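Scope of the values below: all heavy atoms of this structure, side chains included, with no hydrogens, waters or symmetry mates. Quick caveat: nothing in here was measured; it's all calculated off a predicted structure.
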Amino acid sequence: MTKIHILHIYPNEMNTYGDRGNLLTLTRRTEWHGLEPVVHYYNVGDKLPKDVDVVLGGGGQDSAQADIQKDILRIGNWLHKLVAADVPMLMVCGTYQLFGNRFVTHDGKEIKGIGIFDADTIGGPKRLIGNTAVETTDFGTLYGFENHSGRTTLLHDQAPLGRVTRGNGNNGEDQTEGARTRNAIGTYLHGPLLPNNPQLADSLIMLALQYRKTAVDLKTIDDSLAATSRQNARNRSY
Ligand code: GLN
């Protein structure tokens, strides 16, 4: 059976608002598609796994981001190489910010990032909280929930993940949401994101298969519950 190696980085520190649900969804859908998921956890100071086909990272408090800063800078080059090799990645909120150049917290502390996204994040006085809808070219509409103090500005030619049609996205001003470099995706969307957006989960699996140079036809999965949930998100009036 074809194996898909899923790496979840910093599950201890970076796992707010149930972002672990992304791992559960990706693992389950990998099985449903007739593939074998192999889950690796990476925490501060751990040895890096040999096989990685897709990487996930979640949100976290400012203090947790400061706790992982030294370590993420240590493994930054390794992550850059995976991105250059087109390994798919989904980084949410706090980890997204640290995949950018830096996050300056509301109280003025600078936490350095690894620069996979050319983006700077500055903490603001008011948190940006609420339901969010994002139009993307490759993954359709994404529905999620955001809760962050950081305002992210994409620099130079950094591509966003998409454009917000509801909610604040990167900064509440320019309608951009998230960032994309090759197959690495950064986003503010929690929810968790993947259960409500199974098309994104399957895209990550397809990209992981492409990275492995393995051709497998994905199965048709009954996503009627997700479809209902997406319909509800679409109809929500706030
Ligand atoms: N601590 C960061 C912020 O407030 C990230 C928050 C999160 O991951 N939900 O912007």
Side-chain angles (χ1 to χ4, degrees), residues 4 19 22 25-26 29-30 33 53-57 59 79-80 82-93 95-97 99-101 115-121 128 130-146 148 150-212 215-218 220-221 223 226-227 229-236:
I4 298 286
D19 285 341
N22 290 334
T25 301
L26 201 63
R29 292 187 81 85
T30 300
H33 287 304
D53 301 317
V54 48
V55 187
L56 299 176
L79 289 166
H80 268 275
L82 294 184
V83 173
D86 281 338
V87 171
M89 303 193 181
L90 177 65
M91 298 299 142
V92 178
C93 206
T95 313
Y96 161 43
Q97 293 170 344
F99 265 52
N101 303 323
I116 283 172
F117 304 124
D118 193 1
D120 279 356
T121 302
L128 305 177
N131 291 305
T132 314
V134 182
E135 298 300 332
T136 73
T137 357
D138 290 346
F139 314 111
T141 307
L142 302 176
Y143 296 102
F145 183 84
E146 60 183 333
H148 51 110
R151 274 84 170 144
T152 299
T153 306
L154 303 180
L155 304 169
H156 308 114
D157 292 331
Q158 176 62 55
L161 168 62
R163 303 199 79 74
V164 274
T165 52
R166 176 185 302 160
N168 296 285
N170 279 334
N171 48 52
E173 281 174 14
D174 65 9
Q175 270 80 52
T176 64
E177 208 294 312
R180 171 135 185 213
T181 298
R182 304 183 79 98
N183 292 330
I185 293 167
T187 179
Y188 273 113
L189 301 194
H190 302 279
L193 180 62
L194 292 184
N196 230 3
N197 299 279
Q199 76 285 9
L200 177 59
D202 283 359
S203 296
L204 293 172
I205 294 170
M206 294 273 289
L207 292 168
L209 287 166
Q210 273 170 31
Y211 167 70
R212 290 185 68 99
V216 175
D217 287 330
L218 295 192
T220 304
I221 293 173
D223 281 325
S229 164
R230 291 172 61 76
Q231 186 64 38
N232 291 341
R234 210 169 358 255
N235 295 340
R236 215 173 263 140

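Looking at Asn183 and Val87, their side chains never come closer than 4.5 Å, going by heavy atoms from C-beta outward. In this structure, the side chains of Ile205 and Leu26 come closer than 4.5 Å at one or more pairs of heavy atoms. By the 4.5 Å heavy-atom criterion applied to side chains, Thr187 and Leu90 are counted as neighbours. In this structure the side chain of Asp19 never reaches within 4.5 angstrom of the side chain of Thr95, judged on heavy atoms. Two residues are said to be in side-chain contact when any heavy atoms from C-beta on lie closer than 4.5 Å; Tyr211 and Val54 fail this criterion. Side-chain atoms of Leu161 and Leu142, non-hydrogen and from C-beta on, do get closer than 4.5 Å to each other. At a threshold of 4.5 Å between non-hydrogen side-chain atoms, the residues Phe99 and Thr181 do not count as touching.
With respect to the salt-bridge test (charged N to carboxylate O, under 4.0 angstrom), the residues Arg230 and Asp223 do not qualify.
Neither side chain, His148 nor Asn168, offers a donor N or O lying under 3.5 Å from an acceptor on the other. No hydrogens or angles considered: nothing links the side chains of Tyr143 and Arg166 as a donor-acceptor pair under 3.5 Å. Using modelled atom types and a 3.5 Å distance limit, the side chains of Tyr96 and Asn170 yield a donor-acceptor pair. When only modelled atom types and interatomic distance are considered, Gln97 and Thr152 share no side-chain donor-acceptor pair under 3.5 Å.
Checking side-chain atoms of Gln199 against main-chain N and O of Thr141 turns up a donor-acceptor pair under 3.5 Å. Here the side chain of Asp53 pairs no donor or acceptor atom with the backbone of Ala208 at under 3.5 angstrom. At least one donor-acceptor pair closer than 3.5 Å links the side chain of Glu177 to the backbone N or O of Tyr188. Arg163 places a side-chain N or O within 3.5 Å of a backbone atom of Asp174 that can act as its donor or acceptor partner. Using a distance-only test at 3.5 Å, with no hydrogens or angles considered, no donor-acceptor pair links the side chain of Asn22 to the main chain of Pro192. Side-chain atoms of Glu146 never come within 3.5 Å of backbone atoms of Gly167 as a donor-acceptor pair (strictly under, hydrogens ignored).
Gly59 approaches His190 most closely through the heavy-atom pair CA-CE1, 4.0 Å. The nearest pair of heavy atoms linking Ile116 to Ala184 is CG2-CB, 4.4 Å. The shortest non-hydrogen separation linking Gln158 to Ala179 is NE2-CB, 3.8 Å. Minimum heavy-atom separation, Leu128 to Gly172: CD1-N, 4.4 Å. Of all heavy-atom pairs between Thr136 and Gly162, the closest is CG2-CA, 4.2 Å.
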Q: Test side-chain contact (heavy atoms from CB on, under 4.5 Å) on Met89 and Leu82 and set out the steps.
A: CA-CA 9 Å; Met89 303 193 181; Leu82 294 184; 3.6 Å; yes
Q: Decide side-chain contact (heavy atoms from CB on, under 4.5 Å) for Leu200 and Leu194; before the verdict, give the C-alpha distance in whole Å, the side-chain angles of both, and the deciding distance to 0.1 Å.
A: CA-CA 7 Å; Leu200 177 59; Leu194 292 184; 3.8 Å; yes
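For the pairing with Thr176, the side-chain contact (heavy atoms from CB on, under 4.5 Å) check across Thr153, Val164, Asn171 returns one residue only, Asn171.
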